[in-house]
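Structure record follows, encoded as structure tokens.
Quick caveat, the model's predicted, so the values are computed rather than measured.
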Amino acid sequence: YFRYISIGEYGGMELGNSERSPYGSGTYRLKIMLPAEQHTYGLYLPEIFSAYTLYLNEEKVCSQGNPDPAHYQDLIGNKEISFTASGTVHITIIVTNYSHIYSGITYPPAFGTVTAIQKYLSTRLFISGITLAAIFLFAACSLFFFCRLKHNNALVFTILCSLFFVVSLYPVLFSYGSFTVFPWYPLEIACLTAMYPCMVLLQGTILNLPKKLIRRETLIFGSCVVLSLVFTLFLHGSTHFAKIYSEFLFLYKAGCALLLLFQAYYSYQKESLTSPILLIGTVLFASSLTADRMYPSYEPIYGGWFQE
């Protein structure tokens, strides 16, 4: 059977049906009406989970991995192709996934003139480069202060910047190469989830909260990081655990957001936090963490996701 969908509307092959598996195979088909005269066009395909073959007017153009279920092999990377066409063009993408927590096309492709596509990709890479340079500079300065002043907050901030650097590096890496799901995506998820205990620890020390409380909070969120890593390494192919893991990530982020908000607001009310800057920053970051439910309605074009 077939149905009309919007890219990013669903995160798996189950198409919103909780009784079906998010893993498996699917075919995406798009018809584009072009001018009668021939022109050269560009098509940009972002990460597609986790193996696919692209056809233009029933002619095979390229593949990433092997989407044949009998010989499945995942391979993920950004792909840019150019072709000359006129009139009606049918774009067909056959996708299979048994490796990642997401399945199929979750990020929309980009179509246009070759110049427009190249300008778009160059702008994205430029923004990523500036971001990485800034993160590296912050991490280097923080590490310098730690080495000179032996300030623990500087060390925690260095670790936080390092984790964020790894996460922000992925768009650049996948623009220049293709990689298997394991071990690169588990590493990305581990770095992303490990940022939250660092933020809880950093905020707690800035607010001079009891050390015993800070240790307990860090231990709880650190345990969640370990659980997340265990899932991505050993249980990623399980339909049952895939559904649980999606809810687990949302609860984990929401719990972190609520804790950060409560600590900042409590300290501000008790006047142990004299400036509202930390409270305002916490509100903004907590809002970004709880914005997961808005993801189907939001797709970054040049920038990143809410928390990024």
Side-chain angles (χ1 to χ4, degrees), residues 1-32 41-83 85 88-111 117 121 170-189 231-243 245-246 295-296 299:
Y1 72 99
F2 75 92
R3 62 187 296 184
Y4 293 98
I5 65 170
S6 299
I7 298 300
E9 183 179 358
Y10 303 105
M13 299 295 183
E14 79 282 4
L15 300 181
N17 187 347
S18 59
E19 301 299 323
R20 298 182 59 193
S21 170
Y23 300 105
S25 300
T27 300
Y28 298 83
R29 190 170 178 86
L30 177 66
K31 181 171 72 173
I32 301 179
Y41 298 94
L43 177 64
Y44 168 68
L45 297 175
E47 299 161 273
I48 297 179
F49 304 102
S50 295
Y52 70 89
T53 299
L54 169 67
Y55 294 86
L56 292 177
N57 290 335
E58 316 306 329
E59 180 181 348
K60 182 179 178 180
V61 177
C62 66
S63 291
Q64 284 277 79
N66 190 343
D68 182 0
H71 304 89
Y72 170 72
Q73 183 177 1
D74 59 79
L75 189 67
I76 302 175
N78 302 334
K79 181 79 70 173
E80 178 193 2
I81 64 169
S82 60
F83 60 94
T88 302
V89 175
H90 292 277
I91 301 176
T92 305
I93 304 176
I94 301 175
V95 185
T96 299
N97 175 63
Y98 293 103
S99 308
H100 200 274
I101 56 176
Y102 297 128
S103 292
I105 305 177
T106 57
Y107 310 129
F111 174 81
I117 295 297
L121 296 179
Y170 270 66
V172 178
L173 289 179
F174 282 82
S175 294
Y176 291 101
S178 299
F179 304 89
T180 57
V181 171
F182 182 85
W184 304 106
Y185 279 96
L187 175 63
E188 179 191 27
I189 293 175
F231 174 86
T232 54
L233 290 176
F234 304 108
L235 303 174
H236 60 269
S238 169
T239 301
H240 178 68
F241 280 99
K243 297 172 182 177
Y245 184 67
S246 177
Y295 275 3
E299 182 69 36

Specify the closest pair of heavy atoms between [X] and [Y], including all atoms of both residues, with the distance to one decimal.
X      : Y      : value
Pro183 : Pro186 : O-CD, 3.4 Å
Ile76  : Gln64  : C-NE2, 3.8 Å
Tyr52  : Pro67  : C-CG, 3.9 Å
Glu80  : Ile117 : OE2-CG2, 3.8 Å
Pro109 : Pro46  : CA-CD, 3.8 Å
Met13  : Gly26  : CE-N, 3.9 Å

To the nearest 0.5 Å, tell me how far [X] [atom1] sits from [Y] [atom2].
X      : Y      : atom1 : atom2 : answer
Phe174 : Phe179 : CZ    : CZ    : 6.0 Å
Ser82  : Leu43  : OG    : CG    : 10.0 Å
Leu56  : Cys62  : CG    : SG    : 8.0 Å
Ile32  : Tyr41  : CD1   : OH    : 9.5 Å
Arg29  : Ile93  : CZ    : CD1   : 11.5 Å
Lys79  : Ser175 : NZ    : OG    : 12.0 Å

Practice item. Apply salt bridge (charged side-chain N to carboxylate O under 4.0 Å, His left out) to Glu59 and list each qualifying residue two or more places apart in sequence or on a separate chain. Key: none
Under 3.5 Å, side chain of [X] to main-chain N/O of [Y], donor-acceptor pair present?
X      : Y      : answer
Tyr170 : Trp184 : yes
Asn78  : Tyr44  : no
Ser50  : Asp74  : no
Tyr55  : Val61  : no
Thr180 : Phe182 : yes

**Study point:** Within the 6.0 Å centroid threshold, strictly below: Phe49 and Tyr185
**Key:** yes
Practice item. Verify whether one side chain among Thr92 and Glu58 offers a donor that lies under 3.5 Å from an acceptor in the other. Key: no
**Study point:** Any donor-acceptor N or O pair under 3.5 Å, side chains His100, Asn97
**Key:** no
Practice item. Please lay out, stage by stage, how Tyr23 and Thr96 fare under the test side chain to side chain donor-acceptor pair (under 3.5 Å). Key: CA-CA 8 Å; Tyr23 300 105; Thr96 299; over 6 Å; no
Check your understanding: Are Val95 and Tyr28 side-chain neighbours, meaning at least one heavy-atom pair lies under 4.5 Å?
Key -> yes
Practice item. Taking the side chain as every heavy atom from C-beta outward, state whether Leu54 and Ile81 have any pair of such atoms under 4.5 Å apart. Key: yes
Review point. In chain order, what residues pass the side-chain contact (heavy atoms from CB on, under 4.5 Å) check against Pro108, with sequence neighbours excluded?
Key: Ile7, Glu299
Exercise for review: Could you check Lys60 against Thr53 for side-chain contact (heavy atoms from CB on, under 4.5 Å), going step by step and ending with a plain yes or no?
Suggested key: CA-CA 7 Å; Lys60 182 179 178 180; Thr53 299; 3.8 Å; yes
